[in-house]
Amino acid sequence: QVDDSHTYGACRYIGYGTFEECEFVGECGIYQGNGRAYQTGDIYLKKCKVVADWAYAVNTGGTGNFYIEDCEIYGWNSFGHKGDVIIDGTKFYSNGKYGKLRFYQNAQVVDCEFGEDMTIDFYNPYQGTIEGKTLEFTDCKMEDGSSIIGIIDMNCFAEAKPTLIVDGIE
């Protein structure tokens with residue numbers, strides 16, 4: 001377990017690598033930004049638990065792809081790096097303050113579960129449109145088994161202009 005609730009980030013990684021069966025707990029879980037470390041290659045989270053007491057559970061920057069598999073994540077998730085995001089079999093929940101999944105690039109989200117306080121978007125007002133990017137959800141559901149359509153911020157998608165696909169329907 002990585003616990004660093006006295007600084008702005010329980011884990012700041014440099015470069016690339018695999019984190020397997022880890023637990024990240026603190027003000028922010030895995031945080032990159034504000035001049036801190038940025039990834040330079042692919043990063044994998046496998047069977048990890050990330051709990052952000054304050055805001056960012058997973059916040060990325062830099063280059064490379066980001067893979068999340070069979071994890072449990074609480075808080076705001078913002079993927080700002082220049083690679084793709086692939087998420088499989090992961091559960092996302094609010095930390096009581098924030099519950100967001102935000103993308104700026106191509107992403108595939110498969111067989112994931114979302115808590116009722118989560119929202120999903122694909123937009124940053126400072127970045128503008130993201131035409132040509134695709135966000136695809138397959139076999140994802142809410143905690144109660146219902147559709148995720150209700151937690152997707154369609155206004156953000158209309159402004160950012162990516163392609164949104166949910167269970168094969170665009």
Side-chain angles (χ1 to χ4, degrees), residues 19 23-25 28-33 39 42-170:
F19 296 91
E23 188 170 319
F24 301 96
V25 179
C28 292
I30 297 173
Y31 179 77
Q32 299 182 325
Q39 78 186 71
D42 292 347
I43 294 182
Y44 298 83
L45 291 181
K46 296 180 181 182
K47 299 178 184 174
C48 293
K49 184 173 184 178
V50 182
V51 180
D53 296 335
W54 180 71
Y56 291 112
V58 178
N59 177 272
T60 66
T63 59
N65 297 318
F66 205 99
Y67 300 90
I68 300 175
E69 182 181 339
D70 297 325
C71 294
E72 192 171 313
I73 301 176
Y74 296 80
W76 181 303
N77 303 278
S78 181
F79 300 96
H81 62 283
K82 296 195 185 328
D84 292 344
V85 176
I86 298 170
I87 303 172
D88 189 9
T90 294
K91 297 178 180 183
F92 291 93
Y93 302 101
S94 168
N95 64 2
K97 296 175 186 141
Y98 296 101
K100 183 172 288 289
L101 195 57
R102 175 172 281 172
F103 299 95
Y104 302 96
Q105 66 291 88
N106 293 318
Q108 294 177 352
V109 184
V110 178
D111 193 29
C112 291
E113 182 179 289
F114 297 91
E116 65 182 76
D117 293 337
M118 290 296 294
T119 59
I120 299 168
D121 69 31
F122 195 109
Y123 182 67
N124 177 340
Y126 303 107
Q127 193 167 351
T129 65
I130 312 172
E131 290 183 74
K133 303 293 183 182
T134 300
L135 176 56
E136 184 171 3
F137 291 92
T138 305
D139 296 328
C140 294
K141 63 186 182 306
M142 299 299 295
E143 237 177 331
D144 66 4
S146 64
S147 171
I148 64 169
I149 291 295
I151 65 168
I152 298 174
D153 185 337
M154 294 301 185
N155 290 328
C156 285
F157 282 88
E159 291 180 38
K161 300 180 182 172
T163 299
L164 173 64
I165 301 169
V166 178
D167 290 327
I169 299 170
E170 189 172 325

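Numbers here simply count residues along the sequence, with the first being 1.
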Going from CD1 on I120 to CD1 on I148, what distance comes out if it is rounded to the nearest 0.5 angstrom?
4.5 Å
Which distance, rounded to the nearest 0.5 Å, do you find between the NZ of K91 and the SG of C112?
10.5 Å
Using only atom types and a distance under 3.5 Å, with no angle test, would you say the side chain of D139 pairs donor to acceptor with the backbone of V110?
no
Could you pull out the closest heavy-atom pair between C140 and D167, with the gap in Å?
N-OD1, 4.4 Å
What distance separates I86 CD1 from Y67 OH, expressed to the nearest 0.5 Å?
4.5 Å
Residue list, side chain to side chain donor-acceptor pair (under 3.5 Å) with E113, at least two apart or on another chain:
Y93
For G75 against N77, the heavy-atom pair lying closest together
O-ND2, 3.1 Å
Kindly indicate whether the side chain of L135, heavy atoms from C-beta on, has any atom under 4.5 Å from the side chain of V109.
yes
Specify whether Y56 and W76 have parallel, tilted or perpendicular ring planes, treating 30° as the upper limit for parallel and 60° as the lower limit for perpendicular.
perpendicular
CE on M154 to CD1 on I149, rounded to 0.5 Å:
4.5 Å
Rounded to the nearest 0.5 Å, what separates atom CG in L101 from atom CD1 in I73?
8.5 Å
What residues form a side chain to side chain donor-acceptor pair (under 3.5 Å) with Y98, not counting sequence neighbours?
none
Which residues pass the side chain to side chain contact (heavy atoms under 4.5 Å, CB included) test with D70, sequence neighbours left out?
K47
Ignoring hydrogens and geometry, is there a side-chain-to-backbone donor-acceptor pair from N65 to V85 under 3.5 Å?
no
Measuring only between side-chain heavy atoms, which start at C-beta, is T90 closer than 4.5 Å to L45?
no
What pairs with T119 under side chain to side chain donor-acceptor pair (under 3.5 Å), at least two apart in sequence or on another chain?
K100
Sorted by first residue and then second, give each side-chain hydrogen bond (donor to acceptor under 3.5 Å, both in side chains) pair with at least one member in residues 140-154; sequence neighbours left out.
D144-S146
Minimum heavy-atom distance F79-Q105, with the two atoms named:
O-NE2, 2.8 Å
Rounded to the nearest 0.5 Å, what separates atom CD1 in I87 from atom CD in Q108?
10.5 Å
Which heavy atom in D53 sits nearest to a heavy atom in K97, and how many Å separate them?
O-NZ, 3.2 Å
Please give me the minimum heavy-atom distance between M118 and S94, naming the atom from each residue.
SD-N, 3.6 Å
Search all heavy atoms of M142 against all heavy atoms of E116 and return the closest pair with its distance.
CE-CA, 3.7 Å
Could you check F137 against L164 for side-chain contact (heavy atoms from CB on, under 4.5 Å), going step by step and ending with a plain yes or no?
CA-CA 8 Å; F137 291 92; L164 173 64; 4.1 Å; yes
Can you list the residues that meet the side chain to side chain donor-acceptor pair (under 3.5 Å) rule with E69, with sequence neighbours excluded?
none
